[in-house]
Trainee: 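Before I ask anything, here is the structure I am working with.
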Amino acid sequence: MKETPQQRKRHIDKAHNLSIVHQCKLLEIHRSGLYYKPVGETDLNLELMRLIDEKHMLYPWLGVPRMTTWLNMDKGYRINKKRIERLYKLMGISAIGPKPNTSKRGKGELHKIFTYLLKDLKIVRSNQVWSMDITYIPVKGGYLYLVAIIDLYSRFVVGWSLFDTMTSEWCKQTLDTAIETYGTPEILNTDQGSQFTSLVFNNYVTKEKEIRLRMDGKGRAIDNIFIERLWRSLKYEHVYLFPAEDGLKAYQGIKAWFEYYNKERRHQNLDNEHPIAVYQQNLKPAA
């Protein structure tokens with residue numbers, strides 16, 4: 001009888017010469033299921049994070065003061081602004097608008113900002129522009145972070161990963177896997193979060209892979225509107241409807257939803273075609 005994922009996790013040896021990533025691949029275990037542990041946040045904070053996330057999906061222009069007012073006056077809590085500021089930062093979200101935000105870019109020599117140049121660009125083929133972003137995923141007793149990469153022409157999700165911390169190396173590895181699978185995009189668009197402004201990430205993109213890196217204007221979610229819509233669809237069609245018990249269940253459920261999104265979910269803006277079909281039909285011919 002084939003072992004369950006929980007049973008296979010027992011074979012992971014952190015002292016082994018093989019990396020944890022390689023061991024997980026061999027054992028068919030996703031790293032989110034291995035690393036996830038209930039996060040040390042209070043039940044109240046986890047409850048607030050869940051409410052903030054859902055409200056932010058619907059009204060992304062709400063900043064900390066208005067979110068605090070809504071939670072206190074409409075939901076019956078008694079909480080202060082400082083708590084909500086901390087949770088915004090922990091979740092990596094900020095309100096639309098040119099004001100201080102919680103997804104702050106890093107400062108100094110180890111971070112670099114690239115300008116946003118997609119406004120007048122006509123996107124006419126697959127792998128011309130990819131967009132990459134991170135969102136918060138609630139899990140029983142804690143939370144994980146999800147990074148995804150979407151092809152803007154076809155809306156096809158070319159890569160994604162779950163992890164318990166937001167790091168530049170994690171983003172780099174996720175992008176590297178997508179490139180190995182689907183080829184190299186001409187342009188990559190991100191926000192100005194520190195994971196993307198770090199030299200670890202943007203040197204990999206611009207120097208090693210020779211991709212043009214472009215970043216959203218600060219506080220402008222509409223610059224990355226297609227991946228914002230992806231988050232909204234994922235959360236309202238799956239994450240909120242089927243709360244995950246642990247990291248492995250979260251991974252399995254999100255994997256199934258992305259399969260549905262890419263291969264079965266028809267998009268009106270794609271003439272009711274599937275993203276995978278549009279992506280495959282509109283690749284640039286090989287030179």
Trainee: Out of Met49, His56, Arg86, which residue meets the side chain to side chain contact (heavy atoms under 4.5 Å, CB included) rule with Met91?
Mentor: Met49
Trainee: Please round to the nearest 0.5 Å and tell me the distance separating atom CG of Leu144 and atom OG1 of Thr135.
Mentor: 12.0 Å
Trainee: Less than 4.5 Å apart, any side-chain heavy atom of Ile179 and any of Lys209?
Mentor: yes
Trainee: Among side-chain atoms of Asp164 and Tyr143, is any donor-acceptor pair under 3.5 angstrom?
Mentor: no
Trainee: Determine whether more than 12 heavy atoms belonging to other residues, nucleotides or ligands lie under 6.0 Å from atom CD of Glu208.
Mentor: yes
Trainee: Hey, could you give me the CG/OG1 distance between Asn202 and Thr190, rounded to the nearest 0.5 Å?
Mentor: 8.5 Å
Trainee: List the atom of Ser168, the atom of Gln195, and the distance in Å for their closest heavy-atom pair.
Mentor: OG-O, 3.0 Å
Trainee: Is there side-chain contact between Arg212 and Leu188, with at least one heavy-atom pair below 4.5 Å?
Mentor: no
Trainee: Step by step, work out the side chain to side chain contact (heavy atoms under 4.5 Å, CB included) result for Val205 and Leu175.
Mentor: CA-CA 9 Å; Val205 173; Leu175 177 59; 3.7 Å; yes
Trainee: Between Arg50 and Tyr240, is NZ or CZ placed under 6.0 angstrom from the six-membered ring centre and within 45° of the ring axis?
Mentor: yes
Trainee: When you compare the side chain of Ile149 with that of Ser131, does any pair of heavy atoms fall below 4.5 Å?
Mentor: no
Trainee: State whether the number of non-hydrogen atoms from other residues, nucleotides or ligands found under 6.0 Å of Asn272 atom CG is greater than 12.
Mentor: yes
Trainee: Output, in order, the C-alpha distance, side-chain angles, deciding distance and verdict of side chain to side chain contact (heavy atoms under 4.5 Å, CB included) for Tyr88 and Met67.
Mentor: CA-CA 10 Å; Tyr88 262 55; Met67 186 68 76; 3.2 Å; yes
Trainee: First locate atom OG1 of Thr68, then atom CE of Met73, and finally report the distance between them rounded to the nearest 0.5 Å.
Mentor: 12.5 Å
Trainee: Are Val239 and Phe242 joined in one hydrophobic group, where the rule is that I, L, V, M, F, W and Y side chains link up if heavy atoms are under 4.5 Å apart?
Mentor: no
Trainee: Do Lys89 and Ser94 have a side chain donor and acceptor closer than 3.5 Å?
Mentor: no
Trainee: If you group Ile, Leu, Val, Met, Phe, Trp and Tyr by side-chain heavy-atom gaps below 4.5 Å, do Leu58 and Ile84 land in one group?
Mentor: yes
Trainee: With a 3.5 Å cut-off and no angle check, do the side chains of Asn45 and Arg83 form a donor-acceptor pair?
Mentor: yes
Trainee: When the ring centroid of Phe201 is compared with that of Phe196, is the distance short of 6.0 Å?
Mentor: yes
Trainee: Would you kindly say whether Ser161 and Trp170 are connected by a side-chain donor-acceptor distance under 3.5 Å?
Mentor: yes
Trainee: Using 0.5 Å steps for rounding, measure from the CH2 atom of Trp160 to the CE atom of Met132.
Mentor: 13.5 Å
Trainee: Looking at every heavy atom in both Ala178 and Gly159, which two are closest together, and how far apart are they?
Mentor: CB-CA, 4.3 Å
Trainee: Taking the side chain as every heavy atom from C-beta outward, state whether Lys55 and Leu71 have any pair of such atoms under 4.5 Å apart.
Mentor: no
Trainee: Does some side-chain heavy atom of Tyr153 sit less than 4.5 Å from a side-chain heavy atom of Val278?
Mentor: yes
Trainee: When you compare the side chain of Leu146 with that of Trp231, does any pair of heavy atoms fall below 4.5 Å?
Mentor: yes
Trainee: Going from CZ on Arg155 to CG on Asn269, what distance comes out if it is rounded to the nearest 0.5 angstrom?
Mentor: 5.5 Å
Trainee: With rounding to the nearest 0.5 Å, note down the distance linking OH in Tyr182 to CD in Gln280.
Mentor: 8.0 Å
Trainee: Looking at Glu259 and Arg265, is any side-chain nitrogen of the basic one under 4.0 Å from a carboxylate oxygen of the acidic one?
Mentor: no
Trainee: Membership question, hydrophobic clusters at under 4.5 Å side-chain separation (ILVMFWY): are Leu121 and Met215 in the same one?
Mentor: yes
Trainee: Tell me if a side-chain donor or acceptor on Asp151 pairs with a main-chain N or O of Trp130 at a distance below 3.5 Å.
Mentor: no
Trainee: Between Leu283 and Ser126, which heavy-atom pair has the shortest distance, and what is it?
Mentor: CD2-CB, 3.7 Å
Trainee: Quick check: closest heavy atoms across Gly247 and Leu162, and the distance to 0.1 Å?
Mentor: O-CD1, 4.5 Å
Trainee: Verify, without hydrogens or angle tests, whether Asp271 (side chain) and Glu273 (backbone) share a donor-acceptor contact under 3.5 angstrom.
Mentor: no
Trainee: With a 4.5 Å heavy-atom cut-off, do Val158 and Thr181 have their side chains touching?
Mentor: no
Trainee: Give the minimum heavy-atom separation between Ile211 and Pro185, together with the two atoms involved.
Mentor: CG1-O, 3.6 Å
Trainee: Do Glu237 and Tyr261 have side-chain heavy atoms sitting under 4.5 Å apart?
Mentor: no
Trainee: Would Lys235 and Asp53 count as a side chain to side chain contact (heavy atoms under 4.5 Å, CB included) if you check the C-alpha gap in whole Å, the side-chain angles of each, and the deciding distance to 0.1 Å?
Mentor: CA-CA 9 Å; Lys235 291 186 178 184; Asp53 185 54; 2.7 Å; yes
Trainee: For Tyr279 and Asn127, run side chain to side chain donor-acceptor pair (under 3.5 Å): C-alpha distance rounded to whole Å, both residues' side-chain angles, the deciding distance at 0.1 Å, then the answer.
Mentor: CA-CA 8 Å; Tyr279 175 82; Asn127 283 5; 2.9 Å; yes
Trainee: Can you check side chain to side chain contact (heavy atoms under 4.5 Å, CB included) on Arg66 and Trp61, steps first, answer last?
Mentor: CA-CA 9 Å; Arg66 294 172 70 183; Trp61 56 84; 3.9 Å; yes
